[in-house]
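Reviewing the structure listed below.
What's counted below: heavy atoms across the whole structure, side chains too, no hydrogens, waters or symmetry copies. We name chains A, B, ... by the order of the sequence lines, and we start the count at 1 in each one. Note that the structure is predicted; figures quoted are calculated from it, not measured.
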Amino acid sequence: MSTTILPDFHQTIPIDMVGVEERVSRLNKRSIKKESKLQALKLALSMIDHTTLEGKDSPGKMIQLCSKAKRPYAAMPGLPSVAAVCVYPTMVSTAKKALKGSRVKVASVATAFPSGMAPLQVKLDDTKYAVAEGADEVDMVISRGEFLSGNYNFVFDEIASIKDACGSSHLKVILETGELETLENVRKASEIAMVAGADFIKTSTGKISPAATQPVTLVMLEAIRDYYLKTGRMVGMKPAGGIRKAKEALQYLVLVKETLGAEWLTPNWFRFGASSLTNDLLMQIIKQETGIYQSINYFSND
Amino acid sequence: MSEKTKDNVSNQKGGNGVKPTSPNADLKFDFGSFWQYSDAPESSDHIEILDKYDHFIDGEFVKPVKGRYMTSINPSTGKAFTQFAEGTSEDVDNAVKAARKAYTKVWKNLSGKERGKYIYRIARMIQERSRELAITESMDGGKPIRESRDVDVPLAAAYFFYYAGWSDKIEYAFPGRKHESLGVCGQIIPWNFPLLMLAWKIAPALATGNTVVLKPAESTPVTALKFAEICRDAGLPKGVVNIITGAGQTGAALVDHPDVNKIAFTGSTEVGKMIQKSIAGTDKKFTLELGGKGANIIFEDAPLDQAVEGIINAIFFNQGHVCCAGSRLLVQEGIADDLILKLKNRMETLIVGDPLDKNTDIGAINSKSQYDKINNYLQIGLDEGATIYQSSCNLPEEGYYCRPTFFTDVSQSSQIVQEEIFGPVLTIQTFRTPDEAIEKANNTQFGLAGGVWTDKGSKIFNVGSKLRSGVVWANTYNKFDPTSPFGGYKESGIGREGGLHGLKGYLKFKY
Amino acid sequence: MSERLEVLKTYKTYVNGKFPRSESERVCMISDKKGRHIANACRCTRKDIRDAVVSARSAFSGWSDRSAYNRGQILYRIAEMLEGRKDQFIQELENSGIEHKKAKSEVECSIDRLLYFGGWTDKISQVFGTVNPVASSHFNFSVPEPSGVVGILGPEDFPLLSIVSLIAPVIASGNCTVLIPSEKNPLPSISFGEVLHASDLPGGVVNILSGYHNEMMDHLTSHMDVNSIVNTSTDKNIMKHIDENASISVKRVTHYSITDWMDDRYENPYMILECMEIKTTWHPIGV
């Protein structure tokens with residue numbers, strides 16, 4: 001970690017919500033057609049963290065999920081696999097085994113996901129367990145209550161500790177933007193996470209509404225851009241939850257392209273946290289290739 | 001032009017070699033090389049454009065008396081788009097006679113309620129034919145289809161809806177006075193927002209009980225003529241709206257016609273002064289909406305990314321052909337470098353291209369003469385010692401296009417800071433205190449619009465109250481609404497359009 | 001040749017964008033001037049009032065957040081829809097004994113009145129809002145805002161025009177309403193619900209409950225979640241009763257005494273202003 005002086009997190013960068021929404025609305029008017037559409041659909045598919053985070057998950061469910069992750073649609077060879085699967089820590093070893101030999105990574109949630117309401121030691125143990133089980137990536141949650149009470153240094157320290165516990169696994173920091181509510185809070189939380197060492201900043205757990213939104217995503221991308229200009233360090237971004245349709249996914253890609261450019265348009269630096277998005281992308285890809293509108297009946301649920 | 005300036009002034013076509021000298025490598029973000037957007041053309045096959053358009057007088061399309069036609073060019077190709085009638089003083093006279101007859105015999109005697117219903121019908125039909133009107137506007141004038149589809153046409157319909165509602169409510173707008181319509185209004189509009197400027201003129205005129213003769217700009221007559229079709233289809237009584245096409249002389253004939261009660265003009269300050277002079281000594285009322293050189297003031301406590309977007313909106317959209325453009329950026333010194341870097345990055349994602357492509361941000365410059373004027377100003381800037389910066393986007397092979405540009409190292413006295421360029425060209429100056437910003441902002445013969453960017457509410461009200469401009473945009477720019485009055489101080493014009501105040505110019509009052 | 005038998009219409013209520021029957025499943029028999037049975041209208045109860053107020057309240061934040069332009073467009077659309085069904089409504093008014101020419105005028109006036117109030121949505125704050133030049137260094141402005149849920153008690157005569165003239169100004173500014181129309185002649189109101197429904201008006205903005213006023217009025221006028229009452233009864237006892245009920249939660253009450261609803265004095269912005277509150281905001285001017 002560098003020895004830079006920590007910024008004063010009590011300073012707030014002003015953000016005008018109406019202006020953000022107008023920018024998003026204009027970016028959503030980009031018309032993605034023909035080859036650029038097909039290219040984007042495939043790119044989006046390769047960026048998915050195919051997710052299951054339910055109380056009723058089981059090893060059997062993992063095996064089905066991983067099978068879909070490796071080969072989303074058998075009828076069309078040459079399609080990319082998704083980037084990763086995202087699961088609870090106790091499912092990591094099953095997933096790892098099921099994905100052996102593929103390039104699909106295993107991301108595990110940790111730190112008392114989704115609420116984060118547990119003492120630091122529990123969160124560290126949760127993290128170390130996931131890493132020991134073989135997780136390539138760890139998705140942690142920040143302590144929103146502490147953040148909203150103004151204990152920014154607490155939030156910073158927690159992230160830094162979890163980053164340590166991750167070892168060589170990548171750390172994604174979930175801000176739970178739906179609970180932070182204001183864009184200024186989102187920006188601030190993004191800055192804290194990045195300075196504390198996050199490899200990725202992620203919008204949501206997907207367990208509350210609103211989950212990922214475009215204005216929030218734009219603010220986070222801009223935070224990443226400014227951090228990169230200041231430090232030269234790239235940080236990835238992951239909107240999660242609520243992105244079900246290919247059209248929306250493409251709109252998110254436009255946000256990335258026009259804020260951060262080509263370097264971030266890869267699964268190494270941008271992910272979608274989603275589950276039903278995979279099939280909608282497949283349907284749109286097949287429609288682009290054949291010209292015929294598709295039915296969900298022709299695509300496996302998992 | 002020296003070889004050095006040829007390199008810098010790089011509005012050259014396509015990719016044939018001459019790259020801007022802007023240090024785009026410094027920008028650190030690669031917006032161009034991966035995932036280029038494919039063409040997304042708006043289909044124009046279903047649009048009917050006639051080979052030739054006549055005047056619309058007394059409810060019908062009639063041939064010009066002298067039988068001459070002019071050509072309108074599609075600036076994205078440089079080629080002919082259609083022909084339209086060249087209005088002579090005889091045509092103007094016929095139109096004014098028709099407007100007068102309609103006024104005295106029909107329109108003046110209708111109740112406000114019934115007048116309103118006609119205007120509602122027109123508003124509705126603009127909505128119904130909106131796609132056709134948007135495409136026509138882009139082909140005739142060069143503005144991107146996304147703008148004409150999402151801004152120009154819907155706003156035009158909204159102005160008609162708003163003023164339709166005033167038709168039977170005018171007594172509430174001017175307490176203590178009895179109001180009366182003026183009679184026949186001569187209206188001359190520019191080429192930058194053809195249909196929208198038509199709406200700004202015709203809607204309040206009709207709502208207040210007047211009849212009109214309108215002359216659209218010679219480079220963009222077609223949407224006005226389609227509007228004439230809408231008037232006819234809406235059953236508007238003959239002669240209430242008349243459209244005469246032509247060039248400067250046609251406009252002059254209208255201004256000078258003795259039986260016109262009011263002149264409404266939007267255009268350059270230069271022509272506005274000529275009109276004001278030629279009306280002197282007559283009974284004619286007039287309103288003028290003229291040029292501007294708006295200052296966009298950005299304080300260090302502004303929401304910066306939104307301010308950058310505000311700069312883009314202020315000067316690059318509609319190709320900078322906007323009278324209220326924020327063409328002078330005044331940025332607080334402490335944040336100037338950061339802001340300019342953000343601005344450069346943002347400019348890289350602006351797409352300059354075919355107006356009918358849905359991804360185009362900046363369309364074609366409206367005409368060859370405007371294109372030449374802009375390039376001339378770029379040269380003047382360089383000659384004055386300013387530093388030019390342009391984005392590195394490609395330009396189409398044919399048609400008139402200009403890259404988004406800004407100049408630094410300018411001063412308040414620079415010609416490019418003082419004069420209106422009317423293109424996507426921004427000048428950038430710094431300031432240190434609010435008073436300095438206000439003083440620079442006001443130091444111009446213009447006074448149409450200005451912008452203030454700060455997170456602090458009290459600063460907005462303070463600076464806003466001291467800016468000598470008819471419109472102040474705080475933390476936003478180039479926002480229009482039919483309820484919101486628009487117009488200038490000083491040489492930017494006289495009178496207001498839009499809102500309750502916009503009714504005033506079309507009425508006279510008695511006790 | 002035998003005549004074709006008509007499919008008779010069932011008149012239900014209009015609540016939350018749907019057409020439910022009264023929860024009581026009871027009806028009032030509606031007859032024409034000659035005493036012949038026309039239809040069975042719903043005989044609504046306090047529970048229907050309760051549900052209607054809930055529906056109006058939940059629609060309020062969405063409806064008042066819409067732009068004035070949008071509300072104006074929707075009122076214009078209501079006029080379009082009513083114009084398209086002119087004959088249906090003329091017939092319905094004639095069924096209740098109104099003579100053809102008067103029925104036609106009443107329907108046409110209703111359409112025009114919708115246009116009138118639709119044209120005010122984006123002007124009311126220009127005419128009645130103000131910027132106040134206070135003596136201190138503050139920017140001070142006053143804006144009229146909609147009150148919330150408005151209960152409307154409709155009159156017995158002009159069964160279509162009266163309710164249009166009452167509903168339009170109330171919803172123009174963003175209020176939502178629960179209307180109890182004429183007891184003897186509620187059918188045009190119920191049919192008007194169909195017109196509203198076809199006009200992109202969000203469900204819950206207008207709720208129409210037929211039945212006996214004396215069974216519903218108390219519950220509506222004492223309901224703690226209703227902000228204002230608009231009354232058209234000129235019976236002094238009823239007016240007093242309404243005022244007393246209103247005092248329980250400091251409701252705003254407007255009593256109209258109108259005989260000729262066709263008079264265009266009832267096209268005025270004050271009918272809109274009656275159901276609005278004025279909010280004044282201060283902000284310092286300084287650097």
**Asked** Taking NZ, NE, NH1 and NH2 as the nitrogens, is one of them in A:K29 or A:E258 under 4.0 Å from a carboxylate oxygen of the other?
**Response** no
**Message:** Salt bridge check, A:R187 against A:E222: does any charged N sit closer than 4.0 Å to a carboxylate O?
**Reply:** no
**Asked** Looking at A:D16, A:I32, A:L265, which makes the most heavy-atom pairs under 4.5 Å with chain B?
**Response** A:D16
**Item:** Note: A:D226-B:K342 ion pair, threshold 4.0 Å (strictly below)
**Value:** yes
**Complete:** residues 259-271 of chain A vs salt bridge (Lys or Arg N to Asp or Glu O under 4.0 Å), sequence neighbours excluded, gives A:D49-A:R271, A:E137-A:R271
**Complete:** Quick note, ring-ring contact (aromatic ring centres under 6.0 Å, His included) partners involving residues 18-38 of chain A, not counting sequence neighbours, are none
**Prompt:** So which part of A:I13 gets closer than 4.5 Å to some heavy atom of chain B, the side chain, the backbone, both or neither?
**Reply:** neither
**Row check, B:F316 ring normal vs B:R346 NZ/CZ: under 6.0 Å, within 45°** = no
**Item:** Interface moiety of A:V219 toward chain B, non-hydrogen atoms closer than 4.5 Å
**Value:** neither
**Message:** Please classify the contact between A:L253 and chain B as side chain, backbone, both or neither, with a heavy-atom cut-off of under 4.5 Å.
**Reply:** both
**Message:** Which residues pass the side chain to side chain contact (heavy atoms under 4.5 Å, CB included) test with B:T360, not counting sequence neighbours?
**Reply:** B:P144, B:D357
**Item:** Under 4.5 Å from any heavy atom of chain A - which part of B:K479
**Value:** side chain
**Item:** Max heavy-atom pair count under 4.5 Å with chain A, selected residue of B:T349, B:N313, B:N359
**Value:** B:N359
**Asked** Which one, A:R30, A:Q39, A:K33, leads in non-hydrogen pairs under 4.5 Å with chain B?
**Response** A:R30
**Item:** Pick from B:D338, B:D361, B:N345 with the largest number of heavy-atom pairs that fall under 4.5 Å of chain A
**Value:** B:D361
**Asked** So do the side chains of B:F317 and A:R26 get within less than 4.5 Å of each other, counting heavy atoms only?
**Response** yes
**Prompt:** For chain A, which residues of residues 301-310 of chain B have at least one non-hydrogen atom nearer than 4.5 Å to it?
**Reply:** B:D301, B:A302, B:P303, B:L304, B:D305, B:Q306, B:E309
**Prompt:** How about B:F480 and B:W473: are their ring centres within less than 6.0 Å of each other?
**Reply:** yes
**Asked** Out of B:T476, B:I312, B:D455, B:N475, which one racks up the most heavy-atom pairs below 4.5 Å with chain A?
**Response** B:D455
**Request:** Please find out if less than 6.0 Å separates the ring center of B:F431 from that of B:F299.
**Result:** yes
